[in-house]
**Student:** 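Okay, handing you the structure first.
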Amino acid sequence: MSLYIVKRLGWIVFNLLILSLIAFALIKSVPGSFLELQMLLGQAGTTATGLTVSEIDKIRGVETEMMKRWGPTVPLWEQYITFIKGVVTLNMGPSFRWPTQTIEEIIKKTFPVSFTVAILAITIAVLIGIPLGIIAALKQNSWIDYMVSALVMIVSAIPNYVMAVFVIFLFSFWIPILPTYGWGHPKNYILPVLAMAFGPIGSIAGYMRTSLLDALKQDYIRTAWAKGGKERHVIFGHAMKNSLIPLVTILGPMISHLILGTVFVEGMFGVPGMGQYFSQAANSRDYPLMMAQTVIFGLILMIMNLVVDIIYFFLDPRIRVSRR
Amino acid sequence: MEPLLNIEDLRVYFYRPEGVLRAVDGLSYKLYKGEVLGIVGESGSGKSVSVLSILRLLPANGRIVSGSIIFDGKNILELSKEELRDLRGKEIGIVFQDPMSSLNPVITVGQQVMEPLLWHNLCSKNEAYERAKEMLGLVGIPLPEERMKEYPFQFSGGMRQRVMIALALICRPKLLIADEPTTSLDVTIQAQIIRLLKSMKKEFGMSVILITHNLALTTNFCDRLIIMYAGNMMETGKTKDILSNPAHPYTKSLLDAVPDIEVEKELVPIPGSIPSLIDPPSGCRFHPRCSYTMDICREEVPPLFNIDTDHYSACWLHRRA
Amino acid sequence: MKKENKKRIGRSYWANIWRKFKKNKLAVFGLVFVFILVFLGILAPWLAPYPYDEVHYEAVWTPPNRQFWAGTDQLGRDIFSRLLYSLRNAVFVGLGAQAFITFIGVTVGLTAGFYGGTMDNILMRIVDIIYSFPSYLLNIILVLVLGRGYLSIFIAISATGWAGMARLVRGQTLSVKSRDFVEAARASGASNTRIMFRYILPNIMGPIIYAIFSGIPGVMLLESGLSLIGLGVRPPMPSWGLMISEATGQFLYNPYMLLAPAGMLVLTLLSFNFVAFGLRDALSARE
């Protein structure tokens, strides 16, 4: 088992290298990006901070730093090596859009924010979604089932940024109890988490329901009844085990979707997370930040997928045992 | 002597969109303590459905429309859910046809064999573990201690069926129902399983109902036989009587269709095919395929005629004036 | 005799599924709606009362009236027409990209799950690598690189999307592979391709079809997400995401600006979801 984990970690490093290469290559191939270095620096810097170019340069030596890393005189492969070294040692130089900050500073302060919101959202989704799905499956075709199914479907069709607006409208205007904008207080977490959790609740409940219904139709359930099992034995002892396993397969993509989805949603709530910074970076062509964030996001996703795989490994004996 | 199981006029219908499927249409028989009863018939004869009804394990669209099933003095059809649950696995054990799909793939074999004991609160977990181990050894699984921790997919078909038998018998039930236990297994394994059932019967003394479409399997094991066709009983009696002296045309055809290793004979298949159970033939359900059909066969369902001691056949041929 | 024969004719596998599907009114409704939407989308250029970029400065932010069925936005453009064109956009991207995703994903997943061993390892490595990439970010980068045309969005979405399908199919293949009928097919001399496509694939169609129908909404969401942050198809060509982002700040001035695209997006997604759920139930129910 531990050998497996070590191997996986090795692969993660490999994947990240490929990812960084792809990201680097793609971004570098965008026409005219780094050549207009000076111009962009001037524009972005002054817009962002209100300082003039020379003032910024005095504070941080930004311009020289940029030229050293990304300048037209530096060969591509060297730029890439610098980039990789930078990511690994967390020394990535200044961002285009916010030249007064270095990339690693930005990431250090935004990552915990996004991560917390995402984890909270998925936890709520699992805690609410699974029981909901179970109830719907057990009371199939009753009004509860139809209601849950309907709710599930509607909720999973609303994208999180639309949900965001509704949630804001509901809890900030209609019933003004929660703050829309701003940060720093636990209260600020509620709306973003709510908006992001809705979709997953729907998916999890729906999938749980189907999965459980599927399991209950199997022959081995009939055997369990025939052995004199009570409801809880058959449904929770037998059927649940079989139905939770496929559920884990959708957890992985769901978490990824959630974490990446922050790119679209954070802007609406003013959540100072990595997502918002990425979408702004994309709009203002802040390439160094984008590249670094791509690799960091990639790392997070890969670790999460590994965790999900480990869970799946422990749950399904067919895969666990046949690996021997 | 009171029979252990007394089934009277059982009718089981399935409600399908195409119509009402009359799987079992008026079945009656008695089973005594310590007896081995074989129910023989082609697929669709209603044999499996009839025994699933005993434990009320029918699928959702099936309904026991009328009749009574009296087991050990209690009418199963009138039992509460809890009372029924008490019977299942403890007083009546059942072995299903396909051991691969009938065992839960993600739960260890040991756990699944222990469950009947645990679910009926018959003993502690430790004792259940020991008993399960012992049972697996009894049914012929080598190295039971290790195999308890394994999963069904790690067993071969025959071994899985032994596991099923183990879990059906672990509570020492009064009745064991074996629903086509050998059908999905290789021929060589089939004999092994029957032999196992025989030795289990000898060991524990329970009554057995063996369901099969293969008459040959019943010869050395079953005391009595019921021949079923299209939801009705055609013939019943002691095994040796039926095999040596088959009374019903259907039984005769069945025997004619079975190859005999000693005597060279022509294999005669039964012409025609199994009738639709939604719209069964009028009168005797076998009449379209029978070589002795008379007018009355088409019109009225034949009653069971008493041919000999404990030998009955439902055929108009036996009617005397 | 004839009556007996008619009743004997069994129902085919798919006819059964259709029958079960029909019972689910929501699913049927969804399917009808999907067809209507696709139809409307294709015919948008002919159905829209106004061109999507025609401005009417005299009539900004009007609520729905007889002239502008869904009102106008901040530049006086007809929201209804823009909705239709967004629908066309969404249908095109949704169906197209999903088809691509399905084709690649099923092939890779079946092959990997069936052959196992090295082939499985290699294919799954590739899937893992792609799967582990932060797809939205790469989509965004790809759009920046390739420009903001349909083709680039197409490529961007399907380049990362097929991995999830491949994984699903592989998992399903694995759990079906050990079943007896596969061994039987192999024993009767069926070629590997035949086993994969005629034996295993039909038995895992349930999850696949469900994945397709729930994948299309995902693709549409991705497309509208891209346009939400300004990287979708070039404006003024509309997309629901673009319309939503334009409307968010002005929610209180003219709520219809937001409700219309959001509502249409949700309705479209819902229809597909209804169909998906109906399919799922119909496929998994047993007689």
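The chains referred to below are lettered A, B, ... by the order of the sequence lines, with proteins before strands, and numbering in each begins at 1.
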**Student:** Strictly less than 4.5 Å between heavy atoms, which residues of residues 248-263 of chain A line up against chain C? Please order them by number.
**Tutor:** A:Pro253, A:His257, A:Leu260, A:Gly261, A:Val263

**Student:** Within a radius of less than 6.0 Å around CZ of C:Phe181, do more than 12 heavy atoms belonging to other residues, nucleotides or ligands occur?
**Tutor:** yes

**Student:** Nearest 0.5 Å please: distance from the CG atom of A:Asn242 over to the OG atom of C:Ser175.
**Tutor:** 11.0 Å

**Student:** With a 4.5 angstrom heavy-atom cut-off, is it the side chain or the backbone of A:Tyr312 that approaches chain C, or both, or neither?
**Tutor:** neither

**Student:** Between C:Leu137 and chain A, which part of the residue has a heavy atom less than 4.5 Å away: side chain, backbone, both or neither?
**Tutor:** both

**Student:** Using non-hydrogen atoms only, which part of C:Ser135 is less than 4.5 Å away from chain A: side chain, backbone, both, or neither?
**Tutor:** both

**Student:** Let me know if A:Ile12 has heavy atoms under 4.5 Å from chain C in its side chain, its backbone, both or neither.
**Tutor:** neither

**Student:** At what distance, to the nearest 0.5 angstrom, does OG of A:Ser279 lie from CG of C:Leu226?
**Tutor:** 11.5 Å

**Student:** Tell me which donor-acceptor pairs under 3.5 Å the side chains of residues 291-303 of chain A have, and how far apart each pair is, sequence neighbours excluded?
**Tutor:**
| unit_1 | atom_1 | unit_2 | atom_2 | d |
| --- | --- | --- | --- | --- |
| A:Gln293 | OE1 | A:Phe278 | N | 3.4 |
| A:Gln293 | NE2 | A:Met274 | O | 3.3 |
| A:Thr294 | OG1 | A:Met290 | O | 2.6 |

**Student:** Quick test of your reading: applying side-chain hydrogen bond (donor to acceptor under 3.5 Å, both in side chains), list the pairs with at least one residue in residues 161-170 of chain A, sequence neighbours left out, ordered by first then second residue.
**Tutor:** A:Tyr161-C:Ser224

**Student:** Please flag which part of C:Leu228 lies under 4.5 Å from any non-hydrogen atom of chain A: side chain, backbone, both or neither.
**Tutor:** side chain

**Student:** Which answer fits A:Tyr207, side chain, backbone, both or neither, if we ask what part of it has an atom under 4.5 Å from a heavy atom of chain C?
**Tutor:** side chain

**Student:** CG/C:Leu138 to CG/A:Leu19 distance, rounded to the nearest 0.5 angstrom?
**Tutor:** 6.0 Å

**Student:** Is it the side chain or the backbone of C:Phe272 that comes within 4.5 Å of chain A heavy atoms, both, or neither?
**Tutor:** neither

**Student:** Does some side-chain heavy atom of A:Ile27 sit less than 4.5 Å from a side-chain heavy atom of C:Val145?
**Tutor:** no

**Student:** How close do C:Phe133 and A:Asn15 get, counting heavy atoms only, and between which atoms?
**Tutor:** CE2-O, 3.8 Å

**Student:** Which value, rounded to the nearest 0.5 Å, describes the distance between A:Phe264 atom CZ and C:Leu222 atom CG?
**Tutor:** 6.0 Å

**Student:** Looking at C:Phe29, I want to see if its CZ is surrounded by more than 12 non-hydrogen atoms of other residues, nucleotides or ligands under 6.0 Å.
**Tutor:** no

**Student:** Tell me, for C:Ile129 versus chain A, whether the close heavy atoms (under 4.5 Å) come from the side chain, the backbone, both or neither.
**Tutor:** both

**Student:** With sequence neighbours left out, what residues match A:Arg8 under salt bridge (Lys or Arg N to Asp or Glu O under 4.0 Å)?
**Tutor:** A:Asp309

**Student:** If you round to the nearest 0.5 Å, how far is CD1 of C:Ile141 from CG of A:Leu26?
**Tutor:** 6.5 Å

